[in-house]
Amino acid sequence: MISVTDALATILEATPVLDAERVALLDAAGRVAAEAVASTRWVPAADNSAMDGIAVRGADVAQAPARLRLIGSAPAGSLLGGRVEAGTAAKIFTGSVIPDGADTVVRVEDIEEADGAVVVKVAVKPGSNVRLRGEDVVPGTVVVAPGTVLGPADLGVLASLGRATTTVRRRARVAIVSTGAELVEIDETPGPAQVVNSNAYGLAAAVRAAGADAIGLPIVRDRFEDIRARFEEAAQADVVLSTGGVSVGEFDFVRDALDALGVERRFWKVAQKPGKPLTFGTLGRRLFFGLPGNPVSALVCFAVYVRPALRKLAGHAAIHHPVVSARLVAPVRKAANLTEFVRVHLARADGGWTASAFAAQGSGVLTSLAGGAGLLVGPADASVLDAGAVYPVIVLDDTTLATAAPAFSN
Ligand code: AMP
Ligand code: MG
């Protein structure tokens with residue numbers, strides 16, 4: 001049996017980063033750039049106006065009032081035909097290219113217009129209100145470094161450079177193998193000895209939320225040969241997640257089936273609750289997680305071990321769920337010598353957090369993990385977690401940190 005820390009380190013050490021693929025720009029959102037992107041363009045492409053107003057020569061407006069003759073108008077998207085000479089001005093709008101001869105823009109609020117002429121009412125510093133060519137990007141500027149998680153602004157910058165596609169780390173393909181003679185599909189009505197295959201849904205949702213693609217496979221019964229064959233099929237994927245059959249029961253064939261496939265077992269059993277029978281192995285670059293069948297155990301093991309691995313495969317550096325420190329509201333008894341992931345409800349208090357444990361901590365009680373629960377990490381050496389003490393809590397879902405009312409005011 002190994003510790004949580006060692007199990008996680010073993011998994012991440014064995015986890016590669018996937019190769020790159022070229023995708024349409026919008027499909028790159030939230031993914032990790034595989035290559036540096038350097039601009040071949042100037043942004044903006046020409047000096048242009050930051051304001052609605054008139055384009056003038058700076059020397060003409062250094063003193064006020066100044067009377068200038070209007071020679072034309074350059075709406076955004078067009079170029080003025082003529083040239084702004086001394087004593088003249090051209091109407092200009094936000095984003096309009098500064099006409100030849102001009103170097104300064106006077107805001108519309110600072111002028112008065114009368115029969116073909118304008119009067120500039122205030123002195124304006126030369127160069128005012130002009131956005132210079134290349135002030136955002138010049139040719140050669142690296143706008144995206146490899147490893148960048150591409151957000152809305154990155155996509156906007158890439159779009160401004162005309163990049164309709166970009167290279168990102170491939171999404172991991174994750175096969176889900178559900179084992180159990182008691183399992184039935186979602187559209188069947190379970191008999192008293194049967195259970196709907198809920199893990200396939202919970203895990204597929206978790207896989208998607210981690211930015212990977214889930215491949216659901218049909219239920220497999222607790223027979224060694226069937227499980228081996230299903231794993232062989234699943235091994236096409238980058239990652240195989242199985243649930244159930246990984247403990248010490250007479251019908252638990254997952255480890256034997258993985259052995260038979262040639263999967264190199266890296267560990268079996270972690271000093272934790274829930275999820276003690278977790279097993280992990282590799283076959284070449286592919287990862288095999290034998291998750292326990294209990295729905296809570298499966299999802300807790302996913303959050304702690306599988307999600308970081310999927311994020312690493314996809315090229316992310318920040319691969320773990322966020323953790324907050326929270327003050328425990330009431331004491332919790334825990335198993336000695338096991339790290340315990342206690343399902344808690346988080347609440348804001350005095351700029352920090354409090355955690356209250358759900359009453360039902362059984363690994364079959366999936367509702368205790370629903371609706372934005374956190375996982376309080378109870379240290380292995382403790383047998384009771386004290387009220388008032390502060391513990392790390394894994395935040396499983398960022399809606400936990402979201403607020404209904406604005407969390408700021410002005
Ligand atoms: P096992 O790990 O196979 O011993 O299963 C432990 C518990 O989890 C049993 O109560 C199973 O019925 C339940 N279980 C196993 N697989 C699933 C599944 N795919 N969906 C829901 N419950 C499951
Ligand atoms: Mg089973």
Side-chain angles (χ1 to χ4, degrees), residues 1 7 174-210 214-231 233-234 237 239-261 263 265 267-281 288-307 335 338 340-341 343 358 360-371 373 396:
M1 196 149 76
V174 182
I176 298 172
V177 173
S178 307
T179 76
E182 74 279 32
L183 301 180
V184 296
E185 300 289 0
I186 195 168
D187 51 0
E188 295 171 61
T189 305
Q194 293 179 314
V195 175
V196 174
N197 178 12
S198 64
N199 282 344
Y201 291 85
L203 286 173
V207 165
R208 278 196 200 172
I215 305 157
L217 297 171
I219 292 165
V220 56
R221 304 291 153 208
D222 292 317
R223 281 191 294 263
F224 167 78
E225 184 46 41
D226 292 359
I227 296 175
R228 196 204 59 80
R230 185 54 46 76
F231 274 136
E233 179 190 352
V239 177
V240 177
L241 303 181
S242 68
T243 66
V246 77
S247 198
V248 290
E250 215 177 308
F251 297 100
D252 291 339
F253 295 119
V254 162
R255 279 177 304 127
D256 290 346
L258 291 173
D259 289 349
L261 204 68
V263 172
R265 188 185 306 155
F267 63 76
W268 175 50
K269 284 193 177 169
V270 181
Q272 64 182 4
K273 189 182 168 192
K276 189 155 73 169
L278 174 68
T279 188
F280 172 71
F288 290 75
F289 292 87
L291 306 174
N294 275 308
V296 171
S297 313
L299 284 179
V300 167
C301 288
F302 185 95
V304 176
Y305 303 102
V306 182
R307 185 178 182 278
L338 299 180
E340 192 158 331
F341 297 105
R343 276 95 78 202
F358 286 92
Q361 293 285 335
S363 53
V365 184
L366 190 52
T367 49
S368 67
L369 202 51
L396 295 174

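Both counts, for ligands and for their atoms, begin at 1 and track the order of listing.
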Inset, instruction - Starting from the C-alpha separation in whole Å, work towards a yes-or-no answer on side-chain hydrogen bond (donor to acceptor under 3.5 Å, both in side chains) for Arg255 and Thr279. - result: CA-CA 8 Å; Arg255 279 177 304 127; Thr279 188; 6.0 Å; no

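Applying the 6.0 Å contact sphere to CZ of Phe251 captures no more than 12 heavy atoms from other residues, nucleotides or ligands.
Taken to the nearest 0.5 Å, the SG atom of Cys301 stands 10.5 Å off from the CG atom of Asn294. Atom NZ in Lys276 sits 11.5 Å away from atom OG in Ser297 (nearest 0.5 Å).
Of all the heavy atoms in Val220 and Ile227, the pair that sits closest is CG2-N, 3.8 Å.
Each of Val239, Leu241, Leu261 was evaluated against Phe288; a single residue qualifies, Leu261, per the side-chain contact (heavy atoms from CB on, under 4.5 Å) test.
For ligand 1, the 4.0 Å heavy-atom shell takes in Thr179, Glu182, Leu183, Val195, Val196, Asn197, Ser198, Asn199, Thr243, Gly244, Gly245, Gly293, Asn294, Pro295, ordered by chain and residue number.
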